[in-house]
Visitor: 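This structure is in structure tokens; I'll ask about it shortly.
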Amino acid sequence: MVRILTGCDGMKNFEINTYNRPVTCSKCGGLMVFAGVGEYRCEDCKYVDYDDYGKVRLYIEQNRGATAAQIEKEIGVSQKSIRSMLRESKIEITAESKTFMKCEVCGTDIRSGRFCNKCETAFHRKLEEEERKNHMARLGKGFGLEHEKLGTGEKRFNRER
Ligand SMILES: [Zn+2]
Ligand SMILES: [Zn+2]
């Protein structure tokens with residue numbers, strides 16, 4: 001799925017591939033929050049899961065020199081996605097590379113990918129905010145009530161009104 005990242009100071013909008021980011025915890029149904037590149041952690045039970053990029057990266061770490069075809073077969077991420085990750089340089093081909101890239105949002109030097117950690121995290125926090133609303137709606141909590149305050153950790157259950 002492709003999502004839009006809005007630059008912090010009204011800069012351009014960027015399209016970001018979320019690589020099948022895990023949204024809800026497969027163990028307890030809690031909300032998965034961004035914990036690092038390709039990695040997500042359940043807010044409730046702390047279960048860790050990966051998006052397609054995270055899975056590919058893990059696989060490559062454990063299977064040096066794996067081909068795209070092999071990766072597709074083993075972990076079910078399409079070769080098309082793998083090629084797109086390579087194109088975005090999200091997968092570091094050589095760790096020795098001296099070329100530094102710039103974050104497309106804020107211009108900070110980065111080693112791989114398109115965005116610095118800060119901007120990438122900000123992007124995921126936005127997705128999580130949206131997802132939190134959907135999540136609450138799905139759980140039926142606060143049905144028909146205001147949801148705005150839920151993101152702050154403050155929970156309101158004024159059911160009778
Ligand atoms: Zn969980
Ligand atoms: Zn940045």
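Starting from 1, each residue takes its place in the sequence as its number. The model shown is predicted, which means the values in this text are computed figures rather than measured ones. Counting starts at 1 for both ligands and their atoms, in listed order.
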Visitor: Without hydrogens or angle criteria, can the side chains of Ser81 and Ser84 be said to hold a donor-acceptor pair below 3.5 Å?
Guide: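 There is no such pair (donor and acceptor under 3.5 Å, judged by atom type) between the side chains of Ser81 and Ser84.
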Visitor: When rounded to the nearest 0.5 angstrom, what is the spacing between CD in Glu128 and CZ in Arg132?
Guide: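 That separation rounds to 7.0 Å.
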Visitor: What orientation do His124 and Phe34 show, parallel under 30°, tilted 30 to 60°, or perpendicular over 60°?
Guide: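 It falls in the parallel class, under 30°.
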Visitor: Round to 10° and report the angle made at the Zn ion (ligand 2) by SG of Cys116 and SG of Cys103.
Guide: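 Vertex the Zn ion (ligand 2), arms to SG of Cys116 and SG of Cys103: 120°.
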Visitor: How wide is the angle at the Zn ion (ligand 2) between SG in Cys119 and SG in Cys106, to the nearest 10°?
Guide: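 Seen from the Zn ion (ligand 2), SG and SG are separated by roughly 110°.
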Visitor: Between Asn20 and Asp52, do the side chains contain an N or O donor and an N or O acceptor separated by less than 3.5 Å?
Guide: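 Short answer, yes.
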Visitor: Please state the angle at the Zn ion (ligand 1) spanned by SG of Cys45 and SG of Cys28: what is it, rounded to 10 degrees?
Guide: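 Answer comes to 120°, rounded to 10°.
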